Asks: 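Okay, handing you the structure first.
Please read these numbers as outputs of a predicted model, since none were measured by experiment. Side-chain atoms are counted along with the backbone in the values below, which use heavy atoms only and exclude waters and symmetry mates. First the proteins, then the strands, lettered A, B, ... as listed; each starts at 1.
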Amino acid sequence: MASQQLATGALLRYLHGNTEEKAILQVVGIKTIDSKTDDPPTGTKRYRLMLSDGKSTFSSCMLGTQMNHLIDNHSLKENSIIRIQRVMVNTIDKRTGRVMLMIYELEVVESDSKRIGDPVALPLSDIINSGSSSNLSGKVSNYQTKKDDNEEVFLATASNRSAPATTAAPPSTTNVTHQGSTTLDDRNTPKKTTSDSTCATSKGNNAIDKERITNIDKLNPYMNKWTIKARVSSKTQIRTYENPRGPGKLFSCDFVDQSGEIRATAFNVECDKIYPLLEVGKVYYIARASLKPVNRQYNKLNNDFEMTFNYDTCIEACDAGEGDNIPQIQFNFIPISEVANRAANSVCDVIGVVKSTSDIQTIMGKTSQKEFHKRDILLVDENASITATLWAKQAEEFDGSSHPVIAFKGIKVGDYNGRTLSSVNSTLICQDPPETSRTMELRVWFDREGKTMDLPDLSKGSDVANRQAPFKTLAQIIAEGLGRGDKPDYINVKALLTIIKKDSAVYMMCPEKGCGKKVVDENNGMYRCEKCNKNYTNFEWAYMLSAEISDATGSQWINIFCHEAEALLGISAKKFGSYRMNQNESIIDDVVNKAMKHERVFKLRAKVDQFNVEERKVRFTCIHVSDVDWAPNARRLIDEIKQMEPMLL
DNA sequence: CCCCCCCC
């Protein structure tokens, strides 16, 4: 690889904060460093890299421990060519402004390579670069003469340097500039010590670095210095708990910035200290809290990590106006129709127009024997409607009389009578949220046509296609005794049609709308319906298929009625009936055989046959049939697997 | 380190 293929100047661009670039660089030195006792707590080893962009080298490049394996398995070594995927600038020394690069993600482009070019170490003036003018104070020159040990090691191993770091220009001559850097006057502004800020630590000199703000979506447990600037989008009450280790208390809150969201929790001492500092809707600088992988069972925010406030956590309220660019909330809306594909008890963000609102109702909790207040609202969007239940204060305070656009963040999916939504404590209810164009879209749509449209209601069990059903094998259905309970069971089965009773596939149905009963051919041009107790001059063909479906585990006879039979056979009952009348057997065989060619997903209702109570024979009725297409179910299956995970562990 | 969130 030729030297011009390295991203010349990239190291400096990174240090100046342009960290989006995915630069091709060369590793010219690797050093193992002792892990500090506090980070990471497991004592995992850390690697420090010296990187070259062909022209310059920079040695303070920490490798994120999740990338350690690349070195451990020898694919990343001295002279390897890499592509930086994710990098961040961190200040190592607040006093001097000395920075380092954190390499969170890289790709080895070429494992074995020769040294490229003749790079020299970046001058110190370029690497003391935190953007705060206080870094340009006299203290830096003291530092300048004092190389740290790691630096010396690298200087010794990197070949052909002509300009060691110590020959760098004095800091006062640097032209390093920073957006948003403070003025010299700012230096002397006394630190705010108002009640809306805390540095839980007594280390007063360890102030928040407001110049280097990390985006929330870039936070991870492997970085040790970061500050976020974020708005509190929600905050719980303080709750107490009791576990084997004793009693405790906690509260949690959610932070948002333009990049994402993260949940933070405070326990006990921090709970008391931090709870009064954080106000919903306000913007804060947060530094030095613990980060850990998210527990998906409880935290559904769009972030792989969650935050715990600790003794060292620093929180400072943003000055008025300073946080105006930080959004109020992060929504990940799904259309109402998509709620049909979500697992019960999962949570989601939904936006819609309030079509109607119920009165407040008081109900008695089954186990708790406590009274609860609830209010149902019918929420609609362009394609579907769903009932959302609000509880307690949210229910009491809700006024939907003006048909507002309402956004729910973190509302729970229920499966009563199809699909419902139920607000929980952490659910945010936002009226006419300004941060999404959906508000206006829905407003215009509803006022123009939505208010009079009749849309499928996910919360009506009669909309049977919306009903959710677990996937089972035919053997599981028998083994689990599905359909033998008081209420019907609904199951999806992936199976093949193996037998269709073609001779009884259609029957002569009463022409009276909604009757559906079989008529008797009086053989005089009249057809008699016993149910209506009437003779008709005509009848309609209707499907009532008796068929066997099979999968790898067994087979089952099922009944298939009009709509589903038509979907399966591909022709109308009327047409099938006419072939039957004309005894056109070859066409009928053709139609039937085609229907048995490929696997489908049969949604079945399993219920004890009412006419055979003694035998308790379960009758299976096909209520929906679809092609085997996993895509519409993928999200729900993923949700279900996620919910199972804790049980499997 | 919590993790409850209700009714037909």
Asks: If you only use heavy atoms from C-beta on, which nucleotide in B:dC5, B:dC1, B:dC2 is closest to the side chain of A:Leu250?
Replies: B:dC2
Asks: Tell me the interatomic distance from A:Asp272, atom CG, to B:dC1, atom P, rounded to whole angstroms.
Replies: 19 Å
Asks: To the nearest Å, give me how far apart CG (A:Asn243) and P (B:dC1) are.
Replies: 10 Å
Asks: From C-beta outward on A:Arg239, which listed nucleotide comes closest to its side chain: B:dC4, B:dC7, B:dC1?
Replies: B:dC4
Asks: Where the side chain of A:Lys412 is defined as all heavy atoms beyond and including C-beta, which of B:dC8, B:dC5, B:dC7 is the nearest nucleotide?
Replies: B:dC5
Asks: Is a donor from one side chain sitting under 3.5 angstrom from an acceptor on the other, for A:Asp254 and A:Ser234?
Replies: yes
Asks: Please identify which of these residues, A:Val493, A:Ile491, A:Val601, meets the side chain to side chain contact (heavy atoms under 4.5 Å, CB included) condition with A:Phe471.
Replies: A:Val601
Asks: Taking atom C1' of B:dC4 as reference, at what distance in whole Å does atom CD of A:Gln297 sit?
Replies: 13 Å
Asks: What I want to check is whether the side chains of A:Ser259 and A:Asp217 have a donor and an acceptor closer together than 3.5 Å.
Replies: yes
Asks: When you measure from the centre of the six-membered ring of A:Tyr311, is the NZ or CZ of A:Lys273 closer than 6.0 Å and no more than 45° off the axis?
Replies: no
Asks: Can you tell me how far C1' of B:dC3 sits from CG of A:Leu301, to the nearest Å?
Replies: 14 Å
Asks: B:dC5 C1' sits how many Å from A:Asn425 CG, rounded?
Replies: 6 Å
Asks: Looking only at side-chain atoms of A:Trp391, point me to the closest of B:dC2, B:dC1, B:dC7.
Replies: B:dC7
Asks: Consider the side chain of A:Tyr241, meaning its heavy atoms from C-beta on, and name the nucleotide among B:dC3, B:dC8, B:dC5 that approaches it most closely.
Replies: B:dC3
Asks: A:Gln394 CD to B:dC5 P: how many Å, rounded?
Replies: 15 Å
Asks: Rounded to the Å, how far apart are A:Ile360 CD1 and B:dC8 P?
Replies: 17 Å
Asks: Any idea which of B:dC8, B:dC7, B:dC1 is nearest the A:Thr389 side chain?
Replies: B:dC7
Asks: Consider the side chain of A:Asn295, meaning its heavy atoms from C-beta on, and name the nucleotide among B:dC2, B:dC7, B:dC3 that approaches it most closely.
Replies: B:dC3
Asks: Take atom NZ of A:Lys249 and atom P of B:dC3, then tell me their distance rounded to the nearest Å.
Replies: 15 Å
Asks: Base, sugar-phosphate or nothing for A:Asn299? Non-hydrogen atoms, less than 4.0 Å.
Replies: nothing
Asks: Would you call A:Asp447-A:Arg443 a salt bridge at under 4.0 Å N-O?
Replies: yes
